[in-house]
*Asks:* 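Sharing a structure below in C-alpha cells format, with a few things to ask.
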Amino acid sequence: MKYYVEVVGSGPSPLIFLPGTGWGGNVGQPIADVLSKSYTVHMIDLPGIGRGDGLSGMITMEDAAGWVKEYMDEQGWESATIIGHSLGGAIGLSAASLHPDRVDKLVLLDIGFARIDRFPVAMFGKTGYFLPVISGLHRLFGPRFLGQDGEKEPSPNIKTEEEMVSLISSLELNDDASIREAILAMQEPTPSGIGLLLALYRYHMPKALKELSTPTLVLYGNREGKSPRIQRKIVRQVSKYKKHQHTFKALVGGHYAHMSDDRSFSYIRDFLHSSDPSIIKECPE
C-alpha cells in the first residue's frame, strides 16, 4: 500500500500524526515543529482521503488500525506515539485499542470522548441529515453502493484569496503560512474514503477509550462562543471520564481549538515528556 508521508524532526523516538477529515498530514506541521527535537514526526495522509492509497472492502476501524500497524511494520518500529485529530484521532484510538503494545502514548484532539451524533450536521453539513440512511444502504449493498475508486492524481486545492480567508475564518483558525499550505493540500475523499468516514460514524469511541490502557491525553474545545447548551453538552460528555486514568484538558475554541489555543503545545509536550502523564500543570488562558 502506498502511504503519503511528510517527515519532520530528527528526534530518537517515532511519532505518527494523523489529521482530520479532508486535511493532509501536513496540517500537523506546528505540532511537529514543537516536538522535532525529541521525536521524528511522520505526518501521514489518511487512506482514501489524502494523497495515499485507500483501504478496500467494507471498511471498519479495525482495518484503519491495521493500516497504522502496517506502516509501523514497514518502518521497523516496535512502537510509536500517535497524535490524531478528529478522524485521525479515532484511527489512533482504534490502533491503541487493538495493538496496545505498539502505541506508547496517545494524544486525541477533540475526539474520542463521545460518539458521533446520529445526525452529525456540524461535522458533515447537510449530508449529516441523511447519514443514517446512507450508512444503512452501505451496510445493505456493501462498498459498491459508494462506487469504485479510480486512478486519482493528487491535485492542489486551488482557492482564491477570498475563499482562503473565508475558510480560515469559518474554522476559527489563525491565518498563517502553515495553515494556508495545509489548505492547499486538502483532497476530496474517494469512495473508500467515504467508507472510512462511515466506519467512524459507527465506531463506539467512548467504550474504546474507557477500556484503553495506553496513557492518553485528550484535548478538547470548550466551544466558547457557542450556545450554553452546546457548552454544557461537552462538559457532560467529558465528566463521564473523571474516574478513568486518562488526562483531559479544555482548550478555548471549537473542533480546531488545538490549532488556535497555543496552550495545546505545552500540554502535548508536558504529557509526552512526563514519566507520570496523569500529572500535567494547568496553563493559564
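We number each residue from 1, following the sequence as shown. For the numbers below, each heavy atom of this structure counts, side chains included, while hydrogens, waters and symmetry mates do not.
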*Asks:* Start with the C-alpha gap between His85 and His255, add the side-chain angles, then the distance that decides, and say whether side chain to side chain contact (heavy atoms under 4.5 Å, CB included) holds.
*Replies:* CA-CA 9 Å; His85 174 232; His255 193 47; 3.6 Å; yes
*Asks:* Over all heavy atoms of both residues, which pair between Gly89 and Leu108 is shortest? Give the atoms and the distance, please.
*Replies:*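 Scanning both residues, the minimum pair turns out to be O-CD2, 3.3 Å.
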*Asks:* Transitively linked via ILVMFWY side-chain contacts under 4.5 Å: Leu200 with Phe145?
*Replies:*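 In one cluster with Leu200: Phe145, yes.
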*Asks:* List the atom of Gly48, the atom of Ser192, and the distance in Å for their closest heavy-atom pair.
*Replies:*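 Answer, listing the atom of Gly48 first, then Ser192: CA-OG, 3.7 Å.
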*Asks:* Can you tell me how far CD1 of Ile230 sits from CD1 of Ile234, rounded to the nearest 0.5 angstrom?
*Replies:*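 Result: 8.5 Å between the selected atoms.
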*Asks:* Kindly indicate whether the side chain of Ile179, heavy atoms from C-beta on, has any atom under 4.5 Å from the side chain of Val27.
*Replies:*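 Yes; the side chains approach each other to less than 4.5 Å.
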*Asks:* Using side-chain heavy atoms (C-beta onward) and a distance below 4.5 Å, is Gln29 in contact with Glu181?
*Replies:*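 The answer is no, as the side chains (C-beta and beyond) never meet within the 4.5 Å cut-off.
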*Asks:* Would you check if there is a donor-acceptor pair between the side chains of Thr60 and Asp63 at a distance under 3.5 Å?
*Replies:*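 A pair is found: one side chain offers a donor N or O, the other an acceptor, under 3.5 Å apart.
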*Asks:* Would the distance check show the side chain of Ser166 and the main-chain N or O of Glu163 forming a donor-acceptor pair, the cut-off being under 3.5 Å?
*Replies:*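 It does not hold such a pair.
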*Asks:* Donor-acceptor check, side chain of Arg202 to backbone of Ser135, threshold 3.5 angstrom: yes or no?
*Replies:*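 Checked: pair present.
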*Asks:* Considering non-hydrogen atoms only, spot the tightest contact between Ala90 and Ile111 and give its length.
*Replies:*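 The answer is N-CG2, 4.1 Å.
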*Asks:* Let me see the working for Asp117 and Lys233 under salt bridge (charged side-chain N to carboxylate O under 4.0 Å, His left out), right down to the final yes or no.
*Replies:* CA-CA 12 Å; Asp117 292 338; Lys233 180 180 179 181; 3.2 Å; yes
*Asks:* Establish, yes or no, whether the cationic atom of Lys105 lies under 6.0 Å from the six-membered ring centre of Phe271 and within 45° of the ring axis.
*Replies:*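 Yes, cation above the ring, under 6.0 Å and within 45°.
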*Asks:* Should Val107 and Ile82 be marked as a side chain to side chain contact (heavy atoms under 4.5 Å, CB included) after you check the CA-CA gap, both sets of side-chain angles, and the distance that decides it?
*Replies:* CA-CA 6 Å; Val107 178; Ile82 298 178; over 6 Å; no
*Asks:* Do Asp261 side-chain atoms and Val252 backbone N/O form a donor-acceptor pair below 3.5 Å?
*Replies:*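 Yes; at least one donor-acceptor contact below 3.5 Å.
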*Asks:* Given 3.5 Å as the limit, does a donor-acceptor pair link the side chain of Glu211 with the main chain of Ser97, or not?
*Replies:*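 Absent.
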*Asks:* Rounded at 0.5 Å granularity, tell me how far CZ in Arg263 sits from NE2 in His258.
*Replies:*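 Answer rounded to 0.5 Å: 14.5 Å.
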*Asks:* For the NZ atom on Lys159, are there more than 12 heavy atoms of other groups (residues, nucleotides or ligands in this structure) within a distance under 6.0 Å?
*Replies:*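 Enclosed: over 12 neighbouring heavy atoms sit under 6.0 Å from NZ of Lys159.
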*Asks:* So does Glu74 pair up with Lys69, basic N to acidic O under 4.0 Å?
*Replies:*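 Salt bridge flag = no for Lys69 with Glu74.
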*Asks:* Can you check whether Val41 reaches Val7 side chain to side chain, under 4.5 Å on heavy atoms?
*Replies:*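 With C-beta onward as the side chain, the pair stays apart.
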*Asks:* Measuring from Thr247:OG1 to Tyr241:OH, what's the distance to the nearest 0.5 Å?
*Replies:*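 Rounded to the nearest 0.5 Å, the OG1-OH separation comes to 14.0 Å.
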*Asks:* Do Tyr267 and Arg269 touch side chain to side chain, with heavy atoms closer than 4.5 Å?
*Replies:*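 Side-chain contact under 4.5 Å: no.
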*Asks:* Measure the shortest side-chain to side-chain distance between Lys207 and Arg115 over non-hydrogen atoms and say whether it is less than 4.5 angstrom.
*Replies:*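 When only atoms from C-beta onward are counted, Arg115 and Lys207 do not touch, as no gap falls below 4.5 Å.
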*Asks:* Flag the pair Arg118 / Pro132 as yes when at least one side-chain heavy-atom distance between them is below 4.5 Å, and no otherwise.
*Replies:*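 Yes, side chains in contact.
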*Asks:* Where do Pro215 and Asp104 come nearest, in terms of heavy atoms and distance?
*Replies:*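 Closest pair (atom of Pro215, atom of Asp104, distance): CD-O, 3.5 Å.
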*Asks:* Assess whether side chain to side chain contact (heavy atoms under 4.5 Å, CB included) is satisfied between Gln75 and Glu70, documenting all intermediate values.
*Replies:* CA-CA 9 Å; Gln75 300 301 311; Glu70 183 178 328; over 6 Å; no
*Asks:* Are any side-chain N or O atoms of Thr40 and backbone N or O atoms of Pro14, one a donor and one an acceptor, separated by less than 3.5 Å?
*Replies:*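 No, the answer is negative, given that no donor and acceptor are paired below the 3.5 Å cut-off.
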*Asks:* Look at the side-chain heavy atoms of Ile, Leu, Val, Met, Phe, Trp and Tyr, link any pair under 4.5 Å apart, and say whether Leu197 and Val133 land in one connected group.
*Replies:*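 They do share one cluster, since a chain of ILVMFWY contacts under 4.5 Å joins Leu197 to Val133.
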*Asks:* Once you round to the nearest 0.5 Å, how far does CZ of Arg102 lie from CG of Asp73?
*Replies:*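 Separation between the atoms: 4.5 Å.
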*Asks:* Could you tell me whether Arg180 and Glu161 make a salt bridge, using a distance below 4.0 angstrom between a side-chain N and a carboxylate O?
*Replies:*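 A salt bridge links Arg180 with Glu161.
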*Asks:* Is there a continuous path of hydrophobic side-chain contacts, each under 4.5 Å between heavy atoms, that joins Ile183 to Val165?
*Replies:*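 In one cluster: no.
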*Asks:* Check for me, please, whether Met1 and Met58 land in the same ILVMFWY cluster - side-chain distances under 4.5 Å, paths through other members count.
*Replies:*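 No; tracing contacts between hydrophobic side chains, which count when under 4.5 Å, never links both residues.
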*Asks:* Kindly give the heavy-atom pair with the smallest separation between Ser94 and Met61, and that separation in Å.
*Replies:*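 Closest approach of Ser94 to Met61: OG-O, 2.8 Å.
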*Asks:* Got a second to check how far Leu196's CG is from Tyr201's OH, nearest 0.5 Å?
*Replies:*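 Rounded to the nearest 0.5 Å, the CG-OH separation comes out at 15.5 Å.
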*Asks:* Mind checking the CD1-CD1 spacing from Ile83 to Ile16? Nearest 0.5 Å is all I need.
*Replies:*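 Going from CD1 on Ile83 over to CD1 on Ile16, the span is 11.0 Å.
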*Asks:* State whether the side chain of Ser38 and the backbone N or O of Leu35 hold a donor-acceptor pair below 3.5 Å, judged by distance alone.
*Replies:*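 Looks like no, no N/O pair under 3.5 Å.
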*Asks:* How would you list all residue pairs meeting ring-ring contact (aromatic ring centres under 6.0 Å, His included) that involve residues 38-60, not counting sequence neighbours?
*Replies:*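 Sorted result for residues 38-60: His42-Tyr71, His42-Trp77.
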*Asks:* Under 3.5 Å, is there a donor-acceptor pair linking the side chains of Thr216 and Thr214?
*Replies:*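 Their side chains do not contain a donor-acceptor pair, so the 3.5 Å distance test is not met.
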*Asks:* Does the pair Val8 and Asp33 meet the rule for a side chain to side chain contact (heavy atoms under 4.5 Å, CB included), with working shown?
*Replies:* CA-CA 7 Å; Val8 173; Asp33 288 341; 3.8 Å; yes
*Asks:* Any side-chain heavy-atom pair from Gln187 and Pro189 closer than 4.5 angstrom?
*Replies:*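 With C-beta onward as the side chain, the pair stays apart.
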*Asks:* Between Asn174 and Ser260, is there a side-chain donor-acceptor contact under 3.5 Å, judged purely by atom types and distance?
*Replies:*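 No, Asn174 and Ser260 have no side-chain donor paired with an acceptor closer than 3.5 Å.
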*Asks:* Mark yes or no for whether Tyr203, through its side chain, and Gly112, through its backbone, hold a donor-acceptor pair below 3.5 Å.
*Replies:*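 Such a contact is absent between Tyr203 side chain and Gly112 backbone.
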*Asks:* Among Leu219, Leu217, Leu251, Leu18, which residue satisfies the side-chain contact (heavy atoms from CB on, under 4.5 Å) criterion with Leu109?
*Replies:*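 When side-chain contact (heavy atoms from CB on, under 4.5 Å) is applied between Leu109 and each of Leu219, Leu217, Leu251, Leu18, only Leu219 qualifies.
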*Asks:* State, with a plain yes or no, whether a side-chain heavy atom of Leu146 is found less than 4.5 Å away from one of His138.
*Replies:*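 Yes, close enough: below the 4.5 Å cut-off.
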*Asks:* Same cluster for Met205 and Phe119 if Ile/Leu/Val/Met/Phe/Trp/Tyr side chains link at under 4.5 Å?
*Replies:*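 Each belongs to a different hydrophobic cluster.
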*Asks:* Hey, does the side chain of Gln148 reach the backbone of Pro143 with a donor-acceptor pair shorter than 3.5 angstrom?
*Replies:*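 Side chain of Gln148 to backbone of Pro143, a donor-acceptor pair under 3.5 Å: no, none is there.
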*Asks:* When you measure from the side chain of Asp53 to the backbone N and O of Lys2, does any donor-acceptor pair fall under 3.5 Å?
*Replies:*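 Yes.
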*Asks:* Any donor-acceptor pair under 3.5 Å linking the side chain of Asp110 with the backbone of Tyr220?
*Replies:*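 Not confirmed, Asp110 side chain does not pair with Tyr220 backbone.
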*Asks:* So Glu162 and Thr160, side-chain hydrogen bond (donor to acceptor under 3.5 Å, both in side chains) or not? Walk me through it.
*Replies:* CA-CA 5 Å; Glu162 182 179 358; Thr160 65; 5.3 Å; no
*Asks:* Does Lys240 qualify as a cation-pi partner of Phe113, given the criterion of NZ or CZ under 6.0 Å from the six-membered ring centre and within 45 degrees of its axis?
*Replies:*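 Lys240 over Phe113 ring: no.
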*Asks:* Can you give me the closest heavy-atom contact between Trp23 and Pro19, atom names plus distance?
*Replies:*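 That would be O-CG, 3.5 Å.
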